[in-house]
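Presented below is the structure to which this report refers.
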Amino acid sequence: MKTMPFSFKAFKLSQDWFATCLHKCLKEKALRPGKQVHATLFTSGIDINVWSLNSKLVGMYASCGDVRSARLVFDKIQNPNVFAMNWMVLACTFNGYYEEAIGYFCLMQKLGNVGNEFTFSILLKTCVGLMDVKKGKEVHALGKKVGFEDEVSVSNALIDMYCKCGEVCYAQRVFDRMVKRDVATWTSMICGYCNIGKTGQALVLFERMKLEGLEPNDFTWNAMIAGYARGGDSIGAFALFSRMTREGLVPDMVTWNAMISGFVQSQQAGEAFKLFRDMLVSGIKPNHVTLTGLLPACGLTGSIQRGREIHGLMYRMGLGINIFIASAIIDMYSKCGSVKNAQNVFDRIPVKNIASWNAMIGCYGKHGMVELSIQLFERMQEEGMQANEVTFICILSACSHNGLVEEGLKIFRSMKESYGIEVGKEHYACVVDLLCRSGRMLEAYELVKEMPIEVPDSIVGAFFNGCKIHGRKDLAKMMAQDILNMELKKPGGYVTLSNIYAADGDWEEVENVRKMMKESNNHKKPGYSWLEKMNLLERKEKVMKVRKGKVMKVRKEKVMKVRKESESERESEGKERESVKVRKRK
DNA sequence: GCAGATTCTT
């Protein structure tokens, strides 16, 4: 906004001049100059209601994200037009005031204005924000009634809304009915399929789109590549990535990011680093997402050197204050075995968020410093930060790995009562592990039985393993019986049980379980139906959990490996320092 | 003049 014509000599006190200035501020999302224009407008005495400046003012504030100022201006408008009201709905939606956005829409209806196609596109976004398909359907019906359903923009928004709310079938129905489709239409539909893991279906659409003469753009390629990467198919993702470059297209930053984090998520740290280098060579500047995506690769291989390089790069890029990277860096140092570096980064974060606290609490826990973990947990609350589920996973696993049975149990019991946090699978897993490690098998048994949620295989496995170690075959048998009697919340119990016996080499029991399975005709239900119905939030959680699971699995090995490495590193560093000292003395 | 799809930490 340096080019704003703020030369007051050339000041033309006309509404045209104000309109041009406001438009420019709106386009460039420049709040401060916009406020200056507003102030000048105010002192000039021009009535914003006489000219159409009112909606432009609202638009300027809305586009800059200043909802409060937009609202203040809006309230002074005598007869708000569609534009002003659309801007209000938009501003409220983009800033999370979904209910208020709907309020403005209702006001619009009350004033006898049905709105236009943009009103409906924005309103559908509001429904996405609320994750409310029911409202989305209402908007759909209303839009149909007033005849906006055939607008490409509205149909696109409908597809987007249905996909994000987990109703891909409805999205497909809207898609099929469309007479004219643009790139965004296809991309939204492709995205919908990618997000529920149906990359094959997405690919079919991708090819069909090309056949119909529409060239996929960056968004389409990104959606495809990201879809494959998120589904754990880094080979498929990379095939697309290569195809994209073969077709003479230049991948943009987001595409590189998707591909890099895809490799990291499928544990291919080397490929990720290679790609990152290629990205730099091709002249694309990485952003904070690139670095947060790449950093876990350092933890995977325990390469603290690479981590330090990225850390340095972050400062050179002026991203030092970015809270997302900061947490990822803490985690990186933690996984690479350097508590001190992690702590340094943590201390330098001016405004910490929950992820930064959790990363540091987890770091202490991983390195055997439970007391510090708990101290930090307390400090966090003193500083007014609310603990979340992840915080408790960190604390409980710290207790479990360091044998703090009573403390761990106390924290576990207080979770719901004092903090109002739902106890999840991971928390149960930590505490079952805690009890098993300290040989309190009966308590572990009771805890597993009282679990109100579906008991995951990992917990059952940990329990059986504990029974083996502590010689409690009686409890193992009881648990097995409970699984068979379906007393335990465990669909597919037979399968788990036979797997457990198989892992133990007890083939006789395996055969028994199989027989029982056939007799009772109780086959494991194929788990496909929930995919269609699951909404996006749940899916995201699920994906996160799957990722976390993968990380947890390797983490143990890595931490051991890293500890060894960092020990030898410290040794060599020590030696270096000594040699430096010697040289100085000389 | 108002939209649309992609990437990220615990």
Side-chain angles (χ1 to χ4, degrees), chain A residues 19 22-23 26-27 52 55-56 58-60 62-63 81-91 93-94 115-125 128 151-161 163-164 182-192 194-195 216-227 229-230 251-262 264-265 286-296 299 322-332 334 352-363 387-394 544 547-548 551:
Chain A
L22 286 174
H23 178 231
L26 186 153
K27 275 280 165 207
S52 66
S55 59
K56 289 192 171 69
V58 174
M60 185 274 294
S63 129
N81 63 9
V82 191
F83 289 120
M85 288 189 278
N86 278 353
W87 273 120
M88 285 318 292
V89 180
L90 181 83
T93 300
F94 279 15
N116 59 15
E117 69 269 30
F118 291 107
T119 321
F120 282 86
S121 319
I122 305 162
L123 211 62
L124 286 165
K125 255 209 146 331
V128 173
E151 288 284 339
V152 181
S153 60
V154 176
S155 298
N156 287 357
L158 275 170
I159 292 174
D160 181 49
M161 185 274 294
C163 283
K164 283 188 174 151
D182 64 6
V183 187
T185 319
W186 290 90
T187 309
S188 299
M189 205 55 240
I190 286 172
C191 242
C194 284
N195 282 338
N217 63 11
D218 276 345
F219 284 103
T220 326
W221 283 101
N222 288 337
M224 288 299 301
I225 291 171
R230 247 180 303 149
D252 67 346
M253 192 224 329
V254 179
T255 315
W256 284 100
N257 290 356
M259 199 54 242
I260 289 173
S261 55
V264 175
Q265 274 155 38
N287 71 345
H288 69 108
V289 179
T290 324
L291 301 192
T292 35
L294 184 64
L295 275 164
N322 187 288
I323 195 94
F324 284 94
I325 312 189
S327 314
I329 296 231
I330 293 173
D331 194 51
M332 179 274 292
S334 162
K352 299 170 179 66
N353 71 357
I354 187 70
S356 12
W357 286 100
N358 288 348
M360 200 59 225
I361 291 173
C363 173
N388 68 1
E389 317 82 60
V390 185
T391 320
F392 283 96
I393 297 173
C394 295
M544 295 304 287
R547 277 185 208 164
K548 225 179 282 161
V551 174

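Letters A, B, ... are given to chains in the order of the sequence lines, protein chains preceding strands, and every chain is numbered from 1.
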Distance-only donor-acceptor test, A:S327 side-chain atoms vs B:dT9 base atoms, 3.5 Å: yes
From CA spacing to verdict: side chain to side chain donor-acceptor pair (under 3.5 Å), A:S356, A:N353: CA-CA 5 Å; A:S356 12; A:N353 71 357; 2.7 Å; yes
Gap between atom OG1 of A:T391 and atom CD1 of A:I361 - 0.5 Å precision: 6.0 Å
From A:L295 atom CG to A:I329 atom CD1, the distance as rounded to the nearest 0.5 Å: 5.0 Å
For atom CE of A:M259 and atom P of B:dC8, their distance in whole Å: 12 Å
Separation of B:dT10 C1' from A:M360 CE (nearest whole Å): 13 Å
Heavy-atom pair with the smallest gap, counting every atom of A:M224 and A:I190: SD-CG2, 3.4 Å
Residue list, side-chain hydrogen bond (donor to acceptor under 3.5 Å, both in side chains) with A:T185, at least two apart or on another chain: A:N156, A:D182
Base versus backbone protein contacts along nucleotides 1-7 of chain B [heavy-atom cut-off under 4.0 Å; B, S, -]: BBBBBBB
